[in-house]
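What follows is a short report on a single structure.
Every chain is numbered from 1, with letters handed out A, B, ... down the list of sequences.
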Amino acid sequence: MPELPEVETVMRGLEPHMIGRKINHVEQRRADLRFPFPENFPTRLMGAEIISLSRRAKYILVQLDSGESWMIHLGMTGRFTINAAGDVKASSGQAGHNSWPLAEPHDHVIITLDDGGRVVYNDVRRFGYMDLFATANELDHPSLANIGPEPLSDKFNTKQLANAIQKKKSAIKSVMLDQAVVAGLGNIYICEALWRSNINPKTPANKISTKRLSLLVDVVKEVLSDAIAAGGSSLKDYRKADGELGYFQHQWDAYGKEGEECGKEGCDGIIQRFTQSGRSTFYCPKHQK
DNA sequence: AGACGTACCTGACCGC
DNA sequence: TGCGGTCAGGTACGTC
């Protein structure tokens with residue numbers, strides 16, 4: 001499912017329900033997602049208090065007072081649903097509180113907290129995965145050790161980007177998908193950022209001028225910030241609805257707009273779609289040169 | 001090292 | 001209605 005803004009939104013949605021809570025019970029409903037669950041996964045979570053949540057790239061990290069961190073990657077279709085403490089769910093047919101719905105298809109992990117609330121992980125395609133590791137060793141985790149800077153931090157800047165791609169002859173679209181270059185971007189936001197910065201996705205990465213890289217850096221930050229803001233406002237609606245955290249309504253300029261008129265001011269191009277490293281790229285051939 | 005391609009999995013959708 | 005092909009927001013791993 002998700003790129004950085006969606007993961008950030010999910011994490012922020014989980015925070016108020018999880019921080020300071022103790023994990024009373026963990027139901028692990030299958031042996032693996034994309035990879036096997038870590039050894040004794042439920043036991044290692046149970047009894048622990050949740051100290052804080054954070055995000056690195058597209059990973060959610062949950063810091064526990066046991067000294068371990070619970071790492072979650074949502075893959076393509078991972079979602080969390082919150083059954084907040086005190087909510088009464090009628091669908092189970094049982095009267096009274098804590099009467100939660102039965103597990104739905106593709107619910108793989110069900111966490112029960114000490115206030116009676118639940119956090120349910122659902123993942124249709126099972127490209128997501130989870131791990132547990134000593135919090136002190138976070139920087140050494142194989143999934144986290146080799147990823148690039150957070151795009152919203154100062155560590156992602158023109159100099160860093162120019163340096164990271166100076167030897168890369170591949171198309172800029174494919175290069176920006178590389179999590180070692182910059183963390184957290186995915187297919188949609190790269191299409192959007194290139195559209196906003198007028199860069200043709202086919203351009204060899206090392207052929208882009210410093211001036212245009214500088215614009216790209218600014219635009220990436222802008223696109224992600226806008227999306228996080230949209231996700232934040234959508235969180236209010238999740239509370240009212242069924243507690244599901246995941247995608248939110250968002251309007252794209254290029255992604256998914258094949259055949260439509262380019263919405264860039266003063267541009268009368270038509271958005272086209274083609275395939276790059278196995279993924280769909282959407283762009284406007286008229287203003288993305 | 002870089003630059004590919006392939007694999008992992010389910011479901012939605014489209015044309016016949 | 002059914003069936004096969006294609007596509008989907010990600011990443012690890014194999015090969016050249």
Side-chain angles (χ1 to χ4, degrees), chain A residues 1-11 29-37 55-60 71-80 103-109 121-131 141-148 151 163-195 201-207 220 223-224 226-228 230-231 234 244-259 272-283:
Chain A
M1 144 174 86
E3 302 181 33
L4 185 153
E6 290 80 21
V7 178
E8 179 74 20
T9 300
V10 170
M11 186 210 69
R29 297 172 52 80
R30 53 177 298 125
D32 52 40
L33 296 172
R34 180 169 183 191
F35 305 116
F37 279 90
R55 179 193 56 72
R56 173 76 171 109
K58 299 170 193 167
Y59 296 89
I60 293 171
M71 187 178 87
I72 301 138
H73 194 290
L74 302 172
M76 296 274 264
T77 52
R79 298 176 298 146
F80 276 105
E104 304 208 357
H106 313 298
D107 282 352
H108 304 309
V109 178
Y121 180 76
N122 180 290
D123 189 349
V124 172
R125 290 173 72 184
R126 304 202 302 272
F127 284 1
Y129 57 101
M130 297 187 184
D131 201 2
H141 191 282
S143 296
L144 303 175
N146 298 314
I147 50 183
N163 189 52
I165 69 179
Q166 62 178 345
K167 290 186 181 158
K168 301 203 183 266
K169 298 176 208 161
S170 301
I172 186 66
K173 161 73 190 309
S174 306
V175 167
M176 297 295 284
L177 273 175
D178 182 351
Q179 300 295 295
V181 170
V182 56
L185 292 186
N187 204 37
I188 293 180
Y189 290 101
I190 295 168
C191 289
E192 294 296 302
L194 293 174
W195 181 90
K202 298 172 189 167
T203 313
N206 60 358
K207 299 283 186 202
V220 163
V223 165
L224 296 177
D226 288 355
I228 289 171
S234 76
E244 182 180 317
L245 301 168
Y247 279 132
F248 41 84
Q249 296 290 325
H250 206 286
Q251 198 55 46
W252 312 119
D253 288 313
Y255 186 82
K257 298 281 189 180
E258 182 181 19
Q272 297 192 359
R273 180 176 93 134
F274 68 105
T275 301
Q276 279 180 303
S277 30
R279 321 289 304 276
S280 283
T281 297
F282 297 84
Y283 82 118

(request) Report the stems of DNA chain C as range-with-range entries sorted by first number; a stem here is at least three consecutive pairs, Watson-Crick or G-U wobble, both distances under 3.5 Å, and write none if there are none. (result) B:2-8 with C:10-16, B:10-16 with C:2-8
(message) Could you measure the distance from the CD atom of E244(A) to the CG atom of N122(A)? Nearest 0.5 Å is fine.
(response) 7.5 Å
[X] [atom1] to [N] [atom2]: how many Å, rounded?
| X | N | atom1 | atom2 | value |
| --- | --- | --- | --- | --- |
| R79(A) | dG11(B) | CZ | P | 12 Å |
| N187(A) | dT11(C) | CG | C1' | 13 Å |
| F35(A) | dG10(C) | CZ | C1' | 10 Å |
| M130(A) | dG10(C) | CE | C1' | 16 Å |
| L4(A) | dT11(C) | CG | C1' | 16 Å |
| Y255(A) | dC7(C) | OH | C1' | 9 Å |
| K173(A) | dA3(B) | NZ | P | 16 Å |
| L33(A) | dT11(C) | CG | C1' | 14 Å |

With no hydrogens and no angle check, is any side-chain donor or acceptor of [X] less than 3.5 Å from a backbone partner on [Y]?
| X | Y | result |
| --- | --- | --- |
| R273(A) | S280(A) | no |
| E192(A) | W252(A) | no |
| R56(A) | K58(A) | no |

(message) Under the salt bridge (charged side-chain N to carboxylate O under 4.0 Å, His left out) definition, can you give me all pairs with a residue in residues 169-181 of chain A, not counting sequence neighbours?
(response) K168(A)-D178(A)
(message) Does the plane of the ring in Y129(A) sit parallel, tilted or perpendicular to the ring in H73(A)? Use 30° and 60° as the thresholds.
(response) parallel
(message) From C-beta outward on H73(A), which listed nucleotide comes closest to its side chain: dA8(C), dA12(C), dT11(C)?
(response) dT11(C)
(message) Could you tell me how far dC9(B) sits from dC3(C) if I compare only their P atoms? Round to whole Å.
(response) 23 Å
(message) Does Y129(A) reach a base, just sugar-phosphate, or nothing at all? Heavy atoms under 4.0 Å.
(response) sugar-phosphate
(message) Mind checking if S174(A) touches a base, just sugar-phosphate, or nothing, with heavy atoms under 4.0 Å?
(response) nothing
(request) Inspect the contact between D32(A) and R30(A) and indicate whether a charged nitrogen and a carboxylate oxygen are less than 4.0 angstrom apart. (result) yes
(request) Before giving the answer on ring pair (Phe, Tyr, Trp, His ring centres under 6.0 Å), spell out for F274(A) and Y283(A) the whole-Å C-alpha distance, their side-chain angles and the decisive distance to 0.1 Å. (result) CA-CA 9 Å; F274(A) 68 105; Y283(A) 82 118; 5.3 Å; yes
(request) Let me have a per-nucleotide readout for nucleotides 4-10 of chain B, 5' to 3', with B, S or -, counting only protein heavy atoms under 4.0 Å. (result) S--BBBB
(request) Could you point out which residue of I188(A), L74(A), I190(A) forms a side chain to side chain contact (heavy atoms under 4.5 Å, CB included) with E3(A)? (result) I188(A)
(request) Considering just the side-chain nitrogens and oxygens of Q179(A), establish if one lies under 4.0 Å of OP1 or OP2 belonging to dG10(C). (result) no
